[in-house]
Amino acid sequence: MSGSMMSLFSSGEFGAVEVKGRVLFSLDYDTQREELQVKVCRCEGLVAARKNHSDPYAKAYLLPDKSSHSKKKTTVKRKTLNPVFDQTLKYKISVSEVRGRTLNLSVWHAASLGRNLFLGEVELELAHWDWTHTDPDWYKLQPRLQCSPESISSRGNIMLSIKFTPAGSEGGGLPPSGEIHIWLRQAQGLLSTKGGAIDSFVESYVLPDAGRSSGQKTRVVKRSVSPIYNHTMVYEGFKPADLREACTELTVWHREGIKTHLLGGVRLSPGTGLSYGAAVCWMDSTEEEVTMWTSMILNPSHWIDTTLPIRTNLVNRQN
């Protein structure tokens with residue numbers, strides 16, 4: 001993503017002063033307490049917001065959740081450009097959910113009447129963070145660059161398993177026809193247009209059958225950015241040769257009142273652009289998605305596990 005994730009949701013006094021300086025902090029995850037600990041040590045060389053000084057404090061969010069539950073703050077340090085905080089901001093959160101979050105740590109000047117001034121920020125994606133590294137590091141404070149919603153290639157990750165059970169493979173003539181099983185475990189770090197916890201569900205089709213009877217849905221999981229669905233879909237009537245022509249489409253939706261908004265999805269297929277000899281727009285799988293589908297074909301009756309980005313560039317198809 002080009003720009004700050006936080007810029008998608010924020011308004012306030014940005015750009016009023018030049019961004020300067022750096023911040024020293026560390027990350028640690030306590031597995032026994034299931035607690036993320038962000039130790040904010042200090043800042044150096046902050047810009048002067050008022051007459052050669054600032055009254056700085058640090059604020060953290062675990063994006064995409066921008067709710068009051070996600071917001072943590074240090075105390076304000078008066079009349080200094082080199083504040084020492086030595087405070088630990090703590091989040092009760094599972095390690096699997098942490099992997100779907102982005103830490104936004106920003107520094108602000110505390111002004112009267114609540115018109116606080118933005119002094120800079122750092123954003124860290126936690127998906128691949130090395131949790132054995134617990135020493136504090138210096139990070140240069142960055143301006144808040146506006147991020148266009150159209151520039152977002154992924155709105156989170158989805159954890160799933162899939163398998164193909166050939167006809168008669170379980171003995172006694174069962175199953176009577178080949179079956180595709182899709183186990184939707186959970187999503188991580190769902191990023192809506194407004195940010196924060198959302199109500200979501202997943203819808204599935206095995207194309208080219210896009211009829212209403214082919215569509216299956218999970219239940220709606222309310223107010224979560226990392227919802228656990230734990231739902232299995234089963235599709236029958238497949239021969240092994242059919243798998244070379246088919247595509248499993250999974251789309252993630254945000255329900256808001258009576259309206260639903262598409263967040264994105266995945267398509268598991270051979271990615272050939274063709275189905276039964278006809279050119280189709282939905283056979284547009286990424287390399288990761290093709291690998292998942294191919295592994296399922298090569299390992300019948302075995303679950304294949306993966307975590308895939310919920311991509312926003314699915315080509316629209318005609319139902």
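No experiment lies behind these values; they were computed from the predicted model shown.
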Cationic N near anionic O, under 4.0 Å, Glu179 to Lys163: no
Partner residues of Asp284 under the salt bridge (Lys or Arg N to Asp or Glu O under 4.0 Å) criterion, sequence neighbours left out: Arg267, Arg311
Summary of salt bridge (charged side-chain N to carboxylate O under 4.0 Å, His left out) pairs that have at least one residue in residues 299-308, sequence neighbours excluded: Arg185-Asp305
When the side chains of residues 31-42 are checked against the rest of the protein, which donor-acceptor pairs come out under 3.5 Å, sequence neighbours left out?
residue, atom, partner, partner atom, Å
Glu35, OE1, Gln37, NE2, 2.8
Arg42, NH1, Glu44, OE2, 3.0

More than 12 heavy atoms of other groups within 6.0 Å of His69 NE2: no
Cation-aromatic face contact Arg317/Trp282, 6.0 Å, 45 degrees: no
Gap separating the CG atom of Asp135 from the CG atom of Leu27, nearest 0.5 angstrom: 11.5 Å
All pairs passing ring-ring contact (aromatic ring centres under 6.0 Å, His included) where residues 32-51 contributes a residue, at least two apart: none
Using residues 81-88 as the side-chain source, report each donor-acceptor pair under 3.5 Å to any protein atom, sequence neighbours left out, with the distance given to one decimal.
residue, atom, partner, partner atom, Å
Asn82, OD1, Gly45, N, 2.9
Gln87, OE1, Thr75, N, 2.9
Gln87, OE1, Thr75, OG1, 2.8

Asn52 atom CG, neighbour heavy-atom count above 12 within 6.0 Å: no
Check: Phe25 ring centre within less than 6.0 Å of Tyr139 ring centre: yes
Set of residues satisfying salt bridge (Lys or Arg N to Asp or Glu O under 4.0 Å) with respect to Arg78, sequence neighbours excluded: Asp55
